[in-house]
Amino acid sequence: MKNIFIGTLFLCLIGSVYAAQGGLMLGPNSLMPSGGILKNSEGVLKNIEVLSSDFSTQAIFFFSGACTPKKKDLTSDSRLCIFFPTLKLGNINQQDILKKLNKFNLIERFKFENVGSPKGVLLDIKFSEGAFVKLLHMEGKNKFIMEIYSKNELAKIDRSTGLPLYFAYNDLKKKRDAKLRVMIDPGHGGKALGTQGLYNLIEKDVNLDISKKVRFLLEKLGYEVALTRTRDEDISLVERSRKAEVFKANLFISIHANSSGGSDKAHGIETFHFNVKPFLGFLSDGAAVSYELLFIRNSEDHRLASVANNLVRSSESSSHKFADSIQNTLVDMLKKKNVAVINRGTKNACFLVLLCFLNKKIPSALVETGFITNKEEAKRLTDNNYRMLIAQGISKGVWNFASLFREV
Ligand SMILES: [Zn+2]
């Protein structure tokens, strides 16, 4: 995964260049892109993935082609209409989506169809009184996310624990005598190669090898461990998080190797965690995110919205601590072995694989084990012993994080 830290202003610039990409190659008087590019903008709404938590369901819309979904303003206060301009509906099983999305029986009517003039796809949903809905648009990412929160379930959480700032911690504390379950996610796989580095290194292979070593070490420590993939195969980001859920993971680590996009100078180790702020800010690759919360009408709703926000914040803060533990332990271990390594620190980012854990009690982090585009670091990463050392650092980072709960 490509992760260079750039300031927000620069991210804005990249964002606008990204948005203008289609037009950049054109002559000065041409308003429309050339034939080939125009075709690409007539995209398809390819897929909708549904995830759920104890108190919400989340639909992630994946589409090809440029599209900025628009919410239609309606007079009815529990109906939501979203228009996806220029898109066509792909092969989507609406009944199946509705069934998963309606876990809390908050949807009264659901209609999803192709419309003409203007051409696009229209999503029309009528919710019951007990719902509020969050909309997230990731510009340039070809993704749109709708989260449906159950006010009832949020009220139960509110009554049982007050404002649950340490939601994820509480869950881990309960587990302290049992075996912790760790899901390791080797980044990319199959057709998704990840970065192609020096010394014929391909990221997906490096990730898988280090992940297997981490599994071996964590099992020796007594953890229950699973991998999202154990061989070279394609697997979607949502599927990775779903596997963690099925495995009933307590912790999730995605393992990657870094690239510096052109320059071979960048090197070092960095670890990412998902931050709630990117809702209102910027994605790591420069695409903007807009965010909206709907159907909040009274003070009770505001209260429940703050419960929802605190749950997300709690999940975010435990993920932040988890990422810190991996990053610091790994870098310390390498330094002790006299490996000259740069500590690039812990950072927040809006990677989809981490976003999927937003409403879950699973601290999650994404570690970049080094730049395979940098000569020295790539050379080290060809060495089996060095990969084992990286795996030891990550495993000890997990152990250190878990020890926060063991002594309580
Ligand atoms: Zn990667």
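Because the structure is a prediction, the values reported are computed rather than measured. Just so you know, ligand 1 is whichever comes first in the structure, and atom 1 is the first atom listed for that ligand.
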Measure the acute angle between the ring planes of Phe84 and Phe63, then classify it against the limits of 30° and 60° as parallel, tilted or perpendicular. perpendicular
Which single N/O/S atom of Glu203 lies at minimum distance from the Zn ion (ligand 1)? OE2
Closest to the Zn ion (ligand 1), among the N/O/S atoms of His256, is atom ND1
Would the Phe61 and Phe144 ring centres measure less than 6.0 Å apart? yes
Just wondering, are more than 12 heavy atoms of other shown residues or ligands nearer than 6.0 Å to NZ in Lys213? yes
His188: its N/O/S atom lying closest to the Zn ion (ligand 1) (atom name): NE2
Between Phe322 and Phe252, does the ring centre distance come in under 6.0 Å? no
